[in-house]
Amino acid sequence: MALLYKSLSRRVLLTSAAMKRRITPDARQILLSPPLISIDFPDIWNSSSCLDYSSTATSYDDPQSTTVIDGRVIADEITSGITSEVRRMKNSMGKVPGLAVIMVGERRDSQTYVRNKIAACEEAGIKSEVSSLPDNCTEDQVLNVLSHFHEDPSIHGILVQLPLPQHLDEGKILSSVRLEKDVDGFHPLNMGNLAMRGREPLFLPCTPKGCIELLIRSGVEISGKRAVVIGRSNIVGLPTSLLLQRHHATVSIVHAFTRNPEQITREADIVVAAAGVPNLVRGSWLKPGAVVIDVGTNPVEDPSSEHGYRLIGDVCYEEASRVASAITPVPGGVGPMTVAMLLLNTLESAKRTYSFT
C-alpha cells in the first residue's frame with residue numbers, strides 16, 4: 001500500500017509540474033488559461049479518496065481580510081493584449097476581426113450590454129456591426145440576418161443578444177449560428193466538445209471563460225477543489241460547471257429543486273453564483289475562506305442613481321465579504337470579463353480564418 005501511495009503521489013506531482021509548464025505564456029498568449037485538451041489527465045482513484053478533506057475553520061470576521069477580485073483591471077489587461085494583436089494583424093495583412101450583433105426588441109438592459117460591446121470593439125480596433133430587429137419580428141427575419149452575416153467574409157463572430165422574445169425559438173436560432181462564427185460558444189457542438197474530455201471547443205462561452213480566467217489570475221487553485229455552481233442555465237451555469245470540471249474541480253450544481261442548498265454551498269472552496277436572484281447567497285451559505293464569483297447582475301430601483309436603478313449580484317456582498325477570502329464585486333467583476341472574452345473569441349476566429357499566427 002505504501003508503494004501504491006508513493007507511486008500515486010509521484011504521478012500527481014508530475015501532473016502538477018506538467019500543468020505548470022503548459023500554462024507558461026508565450027509572448028503572444030493573452031490568457032493564462034491553458035487549452036482544455038492539454039489538461040485532460042486520466043483519473044487515478046485510490047483509497048485516499050475516502051479521507052476527510054474538510055478545511056479547518058478559519059475566521060474571516062475582519063472585512064479587510066477579503067480580497068476584492070477586480071474584473072475591470074484584469075479585463076483591461078486582456079483587452080490591451082487583444083488590441084496589440086489586432087494592430088499586428090492590421091499591419092501585417094491589412095485586415096481586422098469583425099463582430100456582428102443581432103438584437104431583437106428594445107430591452108433597456110440588452111441595449112446597454114450591446115452598447116458596451118460595441119464600444120469595447122471600437123477601443124480594440126475590431127470592426128462591429130449591429131442589426132436591430134423589432135420585438136414582433138419573425139423567426140425567418142432573424143435567420144435571414146444570420147444568413148447575411150454568415151456570408152460576409154469580414155465578419156468573424158456573430159452574437160445573438162439574449163434573451164430573445166418568447167415567440168422566437170431561441171434554441172433553433174442559436175443552433176443556426178455557423179459553428180466557426182459562434183463566438184458566444186452556445187452552438188450544441190461547442191457545448192458538446194466542452195463536455196467531452198479529449199475535445200477542444202472552437203469557442204468557450206464568454207462568461208464561464210471569464211470566470212475561470214479571474215480565478216487563475218487571482219492565484220486561486222481549481223484542481224482538486226470543491227466547487228458549487230448556483231444556477232444551471234445554458235448560458236452560464238451549465239458551461240461553468242463543465243469548465244470547472246475540465247479544470248479538475250469536484251463540482252456540484254445547486255438549482256431551484258436542490259434540497260439544502262445552503263448546506264451544499266457551505267462545503268465549497270469555490271462558489272459561482274449564477275441564479276439571477278438578488279442577494280440569494282448570504283454569508284451563512286459560505287465556508288470561511290471560500291472564493292466567490294458573483295455572476296448576477298440584477299437591476300433594482302434606486303431613485304438616487306443616474307439611471308434610476310443600480311445593479312446588485314446574486315450574493316449579499318456585505319455579508320459574504322466578511323466570510324470569503326476573495327470575492328468579485330457587482331458591477332465591476334464578471335461583467336467586464338465577459339466583454340473581454342467576446343473580443344478574444346472574435347480575434348481567435350479571425351486568426352483561424354486568415355491562418356494568422
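The residues of the chain are indexed from 1 along the displayed sequence. Heavy-atom basis, side chains included; hydrogens, waters and symmetry copies ignored. In this text the structure is predicted, and so the values were computed from the model without any measurement.
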| Hey, would you say the H156 and Y354 ring centroids sit under 6.0 Å apart? | yes
| Salt bridge or not for R72 and D70, using N-O below 4.0 Å? | no
| field | Salt bridge K172-E139, side-chain N to carboxylate O under 4.0 Å | value | yes
| request: Could you tell me which non-hydrogen atom of I78 sits nearest to which non-hydrogen atom of R217, and how far apart they are? | output: CG1-NH2, 3.7 Å
| Charged N to carboxylate O below 4.0 Å: is that the case for E151 and R178? | yes
| message | Between T66 and S321, do the side chains contain a donor N or O and an acceptor N or O under 3.5 Å apart? | response | no
| query | Between K351 and E85, is there a salt bridge with N-O shorter than 4.0 Å? | reply | yes
| task | Could you tell me whether D269 and K225 make a salt bridge, using a distance below 4.0 angstrom between a side-chain N and a carboxylate O? | result | no
| query | Looking at E348 and K209, does any basic side-chain N land under 4.0 Å from a carboxylate oxygen? | reply | yes
| remark: Minimal heavy-atom distance between S252 and I264, with the atoms involved, is CB-CG2, 4.3 Å
| query | Are F203 and D184 side-chain neighbours, meaning at least one heavy-atom pair lies under 4.5 Å? | reply | no
| field | Side chain proximity check, V86 to I126, heavy atoms < 4.5 angstrom | value | yes
